[in-house]
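Structure, as structure tokens:
Order of listing sets the numbers, starting from 1, for every ligand and every atom in it. Values in this document were obtained by computation on a predicted structure and should not be read as measured data.
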Amino acid sequence: MVANWKMNMDRSAITAYLDVLSREGRWPRWCSNGYRLLLSPPSVYLDFLAAAVRERELPFWVVAQNVCAHEKGAYTGEVSVDMLRDLGVNGVILGHSERRRLFGETDAHVAAKTALALSREIVPIVCFGETETERLSKEHSRVWERQIAPVWKEVQKARAAGSETPVYLAYEPVWAIGTGRTAALEDIREVAGTLREAFGHDCSAGLLYGGSVTDESLSVLVEKGTVYGFLVGGAFLDPEAVLRAFHHLTTHHP
Ligand code: PEP
């Protein structure tokens, strides 16, 4: 489960968040049973969070919200994959719709970033999904294929070169992010089916869903066995909601 904090939190809020999560002593057991919490802070707090998680011996992954599509050099304001590696960051969210829409990120950028992340054994969490207009005009499955095709090409190249770093694809319909509307089970099944058909089983195996997930809606989706994991924004700014979600999952799916 990925908590995308977006441009929220500061050092004292992060400490308070970890204080709440530290009340739970079963994290190591849950993680060894296959559950994992990934925390994604703004880049300036990656180092602080990574150090705090290590110090408290919490088995969480620390994940960046973005990375530069270039290795190094004159890219003012950017952060490189080597810098993420240097901080001990485990993964990176790529192609979030806010980055595509507000910062002009293209499918080609997302593919280049995926290749760079894999080359440094940083787990890419690649977001994709259609806008409301694309869904209404029934273009959504073509949009998914267009967004994923260049990424999957890079994944295949990395696999051929020996990379075993996992790749997660996060279906995040733009109309569901931060709106309180979640995709229907059939929509998510359609994504898995489309990806499997277009790119093979491996592509659909690590499918995450994101878009107004709460600890309650998450339980329903898990019950139906639809997805492998979740990317959660607003709801997981509250650490109590994270605890509720893990309590529910580990009780009903031990
Ligand atoms: C997100 O930021 O990826 C997201 C899914 O946000 P929210 O859960 O707030 O819709």
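Taking both residues in full, the closest heavy atoms of Leu87 and Ala50 are given as O-CB, 3.8 Å, listed atom of the first, atom of the second, then distance. Arg99 and Gln65 get closest at one heavy-atom pair: CD-O, 4.1 Å.
For Tyr228 and Tyr168, the ring centers are positioned less than 6.0 Å apart.
Counting heavy atoms from C-beta outward, Phe246 and Arg26 have side chains that stay 4.5 Å or more apart.
Between Tyr209 and Phe230, the ring planes lie perpendicular to each other; the angle is over 60°, past the 30° to 60° tilted range.
Every protein residue with a heavy atom nearer than 4.0 Å to ligand 1 is included here: Asn4, Lys6, His96, Glu172, Ala176, Ile177, Gly178, Gly210, Gly211, Ser212, Leu231, Val232, Gly233, Gly234.
Pairs of residues two or more places apart, or lying in two chains, that qualify as salt bridge (Lys or Arg N to Asp or Glu O under 4.0 Å) and include a residue from residues 106-121 are Glu71-Arg120, Asp82-Arg120, Arg85-Glu121, Arg100-Asp107, Glu105-Lys113, Asp107-Arg146.
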